[in-house]
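When reading the values below, keep in mind they use all heavy atoms of this one structure, side chains included, and skip hydrogens, waters and symmetry mates. Lettering of chains follows the sequences in order, A, B, ..., and the numbering in each one begins at 1.
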Number of protein chains: 2
Amino acid sequence: MVALRSDAARNRTALLDAARTARDERGYPPALADVAARAGVGVGTAYRHFPSHRALVEALALETLDPLVTAARAAADDPAADAFGDLVVGATRLLADDPALAEVVSDSDDSGPELRAVLDELLTAFGTLLARAQAAGDVRPDLTPVDVQHLVCGMQVAVRLGRTADDGAAARYASVLLHGLRP
Amino acid sequence: MVALRSDAARNRTALLDAARTARDERGYPPALADVAARAGVGVGTAYRHFPSHRALVEALALETLDPLVTAARAAADDPAADAFGDLVVGATRLLADDPALAEVVSDSDDSGPELRAVLDELLTAFGTLLARAQAAGDVRPDLTPVDVQHLVCGMQVAVRLGRTADDGAAARYASVLLHGLRP
DNA sequence: ACCTGAACACCGTTCAAGT
DNA sequence: ACCTGAACACCGTTCAAGT
């Protein structure tokens with residue numbers, strides 16, 4: 001990562017800001033052309049900084065994922081009694097709140113190297129906590145860290161569906177998942 | 001539903017056949033223009049029979065849902081010990097196998113009247129079995145039929161993600177869901 | 001009553017021309 | 001080294017003209 005020319009750095013920030021604002025307003029970053037217009041640059045510039053629409057979404061996803069990675073690492077180092085369950089529920093909510101993030105984590109196979117690295121780190125931290133919970137007899141021993149990722153990506157969909165009508169749904173579904181993980 | 005002119009009926013069938021074939025080959029019915037071409041008709045004809053791409057997907061969904069409705073009704077009338085669990089697992093697999101169906105069931109709010117009627121029927125049959133399972137103490141009493149729909153729509157995603165790499169994942173996730181439904 | 005296909009809107013992406 | 005915007009491909013959808 002060489003230093004960017006100052007106008008390029010400014011444009012990149014403007015693009016991210018525009019995309020973030022759009023996502024916070026409409027739930028999903030709009031067409032790159034729209035993002036470019038909001039940022040006051042041409043489409044080509046948008047594509048110079050983010051080689052695809054997905055790359056832009058991933059850049060925003062990284063921002064949102066960062067606190068989760070920190071929390072997961074902290075929990076792996078100094079685990080509370082139900083650190084694993086808390087993390088699972090927290091991740092589920094985070095994805096349910098951000099459809100673009102959820103999409104990018106669910107289709108993690110076609111993600112760029114940065115996102116992949118962050119997801120790997122998350123998986124490692126989750127794995128440590130999972131192993132500890134399994135050793136304590138709190139979680140089924142036949143589940144892998146990847147299973148947990150898949151189950152979270154699934155439950156997040158249920159939570160999103162439930163939330164539109166019913167305020168208690170998210171808590172109910174989280175509880176179903178946590179019970180389901182028990183031996 | 002008045003009788004169709006014979007050429008119209010033939011075209012409708014040809015469109016459905018083309019869409020079904022395409023879905024079975026590629027997992028999802030392609031652009032209406034492509035379906036029309038395969039069926040040997042113009043785009044306009046495709047839109048005359050199916051007012052939107054979604055309407056075509058829903059027409060295929062109805063076919064796939066039919067056996068499930070039959071099974072659900074049969075189980076509601078003459079319930080075996082774990083009829084509810086079997087139906088939940090069956091529905092999850094059915095959706096996991098057919099992404100177009102899953103999409104249409106998950107976004108059931110924007111579906112046409114026919115599909116909505118079928119989903120209502122399904123929900124009723126599931127509701128009967130759910131109530132029975134709850135009365136027997138086999139399922140958490142705080143869950144509604146709609147909760148079950150949401151949880152199935154979620155788990156189906158997990159199953160789809162799991163299946164690409166791991167043959168046992170589907171069974172493992174089904175078991176997690178069933179355990180999670182217990183009181 | 002039904003069919004055809006050109007046409008439009010939209011969006012992701014590319015690229016020749018500029019500074 | 002970076003930017004611009006016209007241009008292309010693709011897809012959902014509409015509609016004027018045909019039979």
Could you check how far [atom1] of [X] sits from [atom2] of [N], rounded to whole Å?
X	N	atom1	atom2	answer
B:Tyr47	C:dA9	OH	C1'	12 Å
A:Tyr28	C:dC10	OH	P	19 Å
A:His53	D:dA9	NE2	P	22 Å
A:Arg26	C:dC11	CZ	C1'	15 Å
B:Leu32	D:dC15	CG	P	16 Å

Inset, instruction - Can you tell me which stems involve DNA chain D, if a stem is defined as three or more consecutive Watson-Crick or G-U wobble pairs, both distances under 3.5 Å? - result: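 C:4-8 with D:12-16, C:12-16 with D:4-8 - these are the stems of 3 or more pairs that involve DNA chain D.
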Inset, instruction - Could you check whether A:Ala31 gets within reach of a base, just the sugar-phosphate, or nothing at all, counting any heavy atom under 4.0 Å? - result: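 It contacts sugar-phosphate atoms only.
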Legend entry - Test: B:Asp97 and B:Arg163 ion pair at under 4.0 Å: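 Looking at B:Arg163 together with B:Asp97, the answer is yes, because their closest N to O distance falls below 4.0 Å.
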Inset, instruction - Between A:Pro51 and A:Asp34, name the one whose nearest nucleotide on DNA chain C is closer to the 5' end. - result: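 Nearest nucleotide further toward 5': that of A:Asp34.
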Inset, instruction - Evaluate the ring planes of B:His53 and B:Tyr28, with Trp represented by its six-membered ring, and classify them as parallel (under 30°), tilted (30 to 60°) or perpendicular (over 60°). - result: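 Parallel: the ring planes of B:His53 and B:Tyr28 meet at under 30°.
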Inset, instruction - Keeping the roles fixed (side chain from B:Ser106, backbone from B:Glu103), state whether a donor-acceptor pair exists under 3.5 Å. - result: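 It does not hold such a pair.
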Legend entry - B:Arg140 backbone acceptor or donor facing B:Gln134 side chain under 3.5 Å: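 Between the backbone of B:Arg140 and the side chain of B:Gln134 there is a qualifying donor-acceptor contact (under 3.5 Å).
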[Y] and [X], any side-chain heavy atoms less than 4.5 Å apart:
X	Y	result
A:Arg116	A:Ser108	no
B:Met155	B:Val88	no
A:Leu123	A:Val148	no

Inset, instruction - Encode nucleotides 2-7 of chain C as B, S and - characters from 5' to 3', where the letter depends on protein heavy atoms closer than 4.0 Å: B to the base, S only to sugar-phosphate, - to neither. - result: BSBBB-
Inset, instruction - Please round to the nearest 0.5 Å and tell me the distance separating atom CZ of A:Arg172 and atom CG of A:Leu177. - result: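 If we round to the nearest 0.5 Å, A:Arg172:CZ and A:Leu177:CG are 14.5 Å apart.
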